[in-house]
Colleague: 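Quick one: the structure is below, and I'll ask about it shortly.
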Amino acid sequence: MGETELGENIGMSDQTILTCTLVVLMGLLIWGKWRYDGVTLICLAALVLFGVVPAESAFSGFGHPAVITVALVLIISQGLSNSGIAGLVGKLIGGREFSEIQFMVSLLFIAALLSSFINNIGALAILLPITLNICQKMEWHPSKFLMPLAFACILGGMNTAIGTPPNIIISEYKATISNTGFNFFDFSYVGLVITIICILFIALIGNKLIFLRKEIPSGEHLIDLKGYLFEVLVNEDSSSIGMTLYAFKKQAGEDTEILGIVSDSGSVKKVQNNMRIKAGQILVIKTPPDEIGKILDIFDFSIPKELHSFDDDDLEEIEVMITPGSRLIGRKYEFFLKLAFEELNLLGLWRKGSKYRTRLTRETFRAGDVLLLGVRDLAEEDVSNKIKHLGLMPLRQRELQTIPSRSRLLKGIVFFLLSIFLVSFNYLSAAPAFLFCVLAFARIKIIDSDFYRKIDWPIIVMLAAMIPIGTALQTTGVSTLIATSISQYASDLSLFWILLIILIVTMATTDIINNAATAVIMAPISTGIAMELGYAIEPFLMVVAVGASCAFLTPIGHQCNTVVMGPGNYKFTDYWRMGLPMDILIIIASIPMILFVWT
């Protein structure tokens, strides 16, 4: 039976099958239990099976200019980071004396500038350690700065055609349905206004809406992750043998508690109040990282051998975060040990809002997890290279990064600006121009043979799978059907109100599913409404680009929000406190600007 016959035999039209598949896709993305690239591929496979997407077009997305451009921008971002741009930024703001408001404004404008031209998460990775170092030095609360930093990195992406995947998608989509796409700086007319207004709002008003959970006493660590989970082995001569939980907690302190005991099968059993500690048990305890050394000494505990690759007792500790592009995501300790052997030891794990159900060695790593690592010498080059190789971000660094080679940094910036010049004045389209930039980066050795590892493949795969689905919205007539239905009700509304409705719907969608997926789905629908009502398509596409980048209400709406959740000690519900007023401000500022520029 052919694929095209399968849908007919079960009595469903292509439009019905596609609509049901999109509903399932959005539901799974909102649920977040499975990886978004895997979910998108499964839905694409289902559409191919039912004949909605032709088999020969299933992988057309991998050759789409938008997908290639996103991949190249990710490589360029890593190349600029390798060239020493972090050291340059560190010299600009790290060596100066600022008041809080001066530092806030300077930080946010630098974040927006960087993320206008490089990947959002790449800009955040450059600025997060610098921000934490300065907060440590000035004894400022980091929570006051980290959410604004994440929001500024998102805002900066609105300013150029490569600032964020939705802009790339919208520009390439326009090129497929008209003679040309948007120019490189076409997004700047609206994006710059939004960015400036929102940064001033954050610096003057918005940061006061952030809930700060703890005042930081002088001399304490600014990042207070008390929920670190450790496994400790009760040695034969441990003083804790025979102790009840109450007696242990009384001696260990209020911040330390036993959460469970590792069973023979590797699961974690809950403990009873009358339980007594026995020799040979592996206990799961929760304690601040600064206390673990004292706990091991007082009770004669030890870290289980399976978490060690060497026996040195005098280990330095470093806290690192698993970034969205880390190769550890979806992997377990065995994979970590294979890559980190003899350089890094996993001592503890911190995860926001998650229960500990199995052994540390069996936990699946996720983006945003914070790992406490033991190393022989933090200054060793092998240690820093291994941390970088694993895609881990140190939360605290002893000193700001340096510029490895001023010559390479200058050449890298020149090559990047040249590629932007070629795109801006339409000498080349984005994909070939940035390909030349990547080749130039390879020539001056600011990217190496490992550069494929720097690409965030899940977003590439998800985007490549979404493009045939987006095309199916048009070929099956679903986007036309939706546009026609909406147009019938919106025919009496002015252009202002139509754009406002599309913007709000796009904003709500991007906060619960990936921003690139939002752009792929909303672009043909918005364009269809424009054509039905006889308007130019530019304002309708621009409003989708703006809305798809407004992921300020939840930590899952954008990777930048996820990364700062741990170091900032934020909860899920903290984001809307500053994010909702920002969304309202963006609506007020963007619609008039879009009407002024594009109509």
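These numbers come from a predicted model, not from an experiment. Throughout, residue positions are numbered sequentially from 1 according to the sequence presented.
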Colleague: Return the minimal non-hydrogen interatomic distance between Val423 and Ala430, and the atom names on each side.
Modeller: CG2-CA, 3.8 Å
Colleague: Do Leu409 and Leu88 have side-chain heavy atoms sitting under 4.5 Å apart?
Modeller: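 Side-chain contact under 4.5 Å: yes.
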Colleague: What pairs with Ile329 under side-chain contact (heavy atoms from CB on, under 4.5 Å), at least two apart in sequence or on another chain?
Modeller: Ile322, Ser326, Ala367
Colleague: Has the side chain of Trp497 got a donor or acceptor atom that lies under 3.5 Å from a matching backbone atom of Ser494?
Modeller: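 Looks like no, no N/O pair under 3.5 Å.
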Colleague: I need the Thr554 OG1 to Asp574 CG distance, nearest 0.5 Å.
Modeller: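 Answer for the OG1-CG pair, Thr554 versus Asp574, is 12.0 Å.
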Colleague: Run the side-chain donor-acceptor check on residues 103-126: report pairs under 3.5 Å with partners two or more places apart or on a different chain.
Modeller:
residue: Ser106; atom: OG; partner: Gln102; partner atom: O; Å: 2.9
residue: Ser115; atom: OG; partner: Ala111; partner atom: O; Å: 2.9
residue: Ser115; atom: OG; partner: Ala112; partner atom: O; Å: 3.3
residue: Ser115; atom: OG; partner: Cys153; partner atom: O; Å: 2.9
residue: Ser116; atom: OG; partner: Ala112; partner atom: O; Å: 2.7
residue: Ser116; atom: OG; partner: Gly156; partner atom: O; Å: 3.0
residue: Ser116; atom: OG; partner: Asn159; partner atom: ND2; Å: 3.1
residue: Asn119; atom: OD1; partner: Ile121; partner atom: N; Å: 3.1
residue: Asn119; atom: OD1; partner: Gly122; partner atom: N; Å: 3.1
residue: Asn120; atom: ND2; partner: Cys153; partner atom: O; Å: 2.7

Colleague: Could you give the distance from CG (Leu28) to CD1 (Ile513), rounded to the nearest 0.5 Å?
Modeller: 11.5 Å
Colleague: Decide yes or no for Pro581 and Phe201: does some side-chain heavy atom of the first lie under 4.5 Å from some side-chain heavy atom of the second?
Modeller: yes
Colleague: Go through it in stages, so that I can follow the logic: the residues are Leu499 and Phe540, the test is side-chain contact (heavy atoms from CB on, under 4.5 Å), and I'd like the CA-CA distance, side-chain angles, deciding distance and then a yes or no.
Modeller: CA-CA 7 Å; Leu499 294 178; Phe540 285 79; 4.0 Å; yes
Colleague: So, using salt bridge (charged side-chain N to carboxylate O under 4.0 Å, His left out) as the criterion, who are the partners of Asp37 when residues are at least two apart?
Modeller: Arg35
Colleague: Using side-chain heavy atoms (C-beta onward) and a distance below 4.5 Å, is Ile498 in contact with Tyr535?
Modeller: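 Side-chain contact under 4.5 Å: yes.
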Colleague: Check for me whether the distance between the ring centres of Phe182 and Trp598 falls short of 6.0 Å.
Modeller: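 They qualify: ring centres under 6.0 Å apart.
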Colleague: Check step by step if side-chain contact (heavy atoms from CB on, under 4.5 Å) holds for Ile587 and Leu500.
Modeller: CA-CA 7 Å; Ile587 291 171; Leu500 177 66; 3.1 Å; yes
Colleague: Can you check whether Ile501 reaches Leu493 side chain to side chain, under 4.5 Å on heavy atoms?
Modeller: yes
Colleague: I'd like to check Ile162 versus Asn167 (side-chain heavy atoms, cut-off strictly below 4.5 Å). Are they in contact?
Modeller: no
Colleague: Please report the shortest heavy-atom distance between Met158 and Cys550, naming the atom on each side.
Modeller: CE-SG, 3.6 Å
Colleague: Is the backbone N or O of Ser77 less than 3.5 Å from a side-chain atom of Ser81, with the two atoms forming a donor-acceptor pair by type?
Modeller: no
Colleague: Using the test salt bridge (charged side-chain N to carboxylate O under 4.0 Å, His left out), find all partners of Lys411 that sit at least two apart in sequence or belong to another chain.
Modeller: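 Checked Lys411 against salt bridge (charged side-chain N to carboxylate O under 4.0 Å, His left out); zero matches.
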Colleague: Taking all heavy atoms of Ser83 and all of Leu80, pick out the closest pair and write down the distance.
Modeller: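 Nearest pair, atom of Ser83 first, then Leu80: OG-O, 2.6 Å.
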Colleague: Using only atom types and a distance under 3.5 Å, with no angle test, would you say the side chain of Asn133 pairs donor to acceptor with the backbone of Ile130?
Modeller: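 It does not hold such a pair.
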Colleague: Can you name the salt bridge (charged side-chain N to carboxylate O under 4.0 Å, His left out) partners of Glu538, sequence neighbours left out?
Modeller: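 Testing Glu538 for salt bridge (charged side-chain N to carboxylate O under 4.0 Å, His left out), a comparison that skips the adjacent residues, returns Lys174.
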Colleague: Does the side chain of Pro148 come within less than 4.5 Å of Met578's, by heavy atoms?
Modeller: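 In contact.
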Colleague: Could you check whether any side-chain heavy atom of Phe145 comes within less than 4.5 Å of a side-chain heavy atom of Ile134, counting everything from C-beta outward?
Modeller: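 Phe145 vs Ile134: side chains apart.
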Colleague: When rounded to the nearest 0.5 angstrom, what is the spacing between CG in Leu25 and CG in Leu29?
Modeller: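 The CG atom of Leu25 sits 4.5 Å away from the CG atom of Leu29.
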Colleague: So which atom in His558 and which in Ala551 form the shortest heavy-atom distance, rounded to 0.1 Å?
Modeller: CB-CB, 3.9 Å
Colleague: Looking at Pro524, is its backbone amide N or carbonyl O close enough to the side chain of Thr527 to form a donor-acceptor pair, meaning the two atoms are under 3.5 Å apart?
Modeller: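 Checking the backbone N and O of Pro524 against the side chain of Thr527, no donor-acceptor pair under 3.5 Å is found.
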Colleague: List the steps, then state whether ring-ring contact (aromatic ring centres under 6.0 Å, His included) holds for Phe151 with Phe552.
Modeller: CA-CA 7 Å; Phe151 284 6; Phe552 303 115; 4.9 Å; yes
Colleague: Is there a donor-acceptor contact under 3.5 Å from the side chain of Ser419 to the main chain of Phe416?
Modeller: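 Checking the backbone N and O of Phe416 against the side chain of Ser419, a donor-acceptor pair under 3.5 Å is found.
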Colleague: To the nearest 0.5 Å, what is the distance between CD1 (Ile482) and CD (Glu532)?
Modeller: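 Atom-to-atom, Ile482:CD1 and Glu532:CD are 12.0 Å apart.
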Colleague: Examine distances only and state if a side-chain atom of Tyr575 and a backbone atom of Asn561 form a donor-acceptor pair shorter than 3.5 Å.
Modeller: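 At least one qualifying donor-acceptor pair exists.
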Colleague: Could you please spell out the steps behind the side-chain contact (heavy atoms from CB on, under 4.5 Å) verdict for Leu74 and Gln78?
Modeller: CA-CA 6 Å; Leu74 292 174; Gln78 187 60 44; over 6 Å; no
Colleague: To the closest 0.5 Å, what do you measure between OG1 (Thr480) and CD1 (Ile525)?
Modeller: 10.0 Å
Colleague: The criterion is side chain to side chain donor-acceptor pair (under 3.5 Å); which residues satisfy it with Asn207, sequence neighbours excluded?
Modeller: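 Checked Asn207 against side chain to side chain donor-acceptor pair (under 3.5 Å); zero matches.
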Colleague: Are the side chains of Phe185 and Thr160 in touch, meaning some heavy atoms are under 4.5 Å apart?
Modeller: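 In contact.
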Colleague: If you look at every heavy atom in Leu212 and Lys144, which pair is closest and at what distance?
Modeller: CD2-N, 3.8 Å
Colleague: Just verifying a value: how many Å separate Asn426 CG and Asn183 CG, rounded to the nearest 0.5 Å?
Modeller: 5.0 Å
Colleague: Measure across Gln474 and Ser479 and return the closest heavy-atom pair with its distance rounded to 0.1 Å.
Modeller: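 Minimum heavy-atom separation between Gln474 and Ser479: CA-OG, 3.6 Å.
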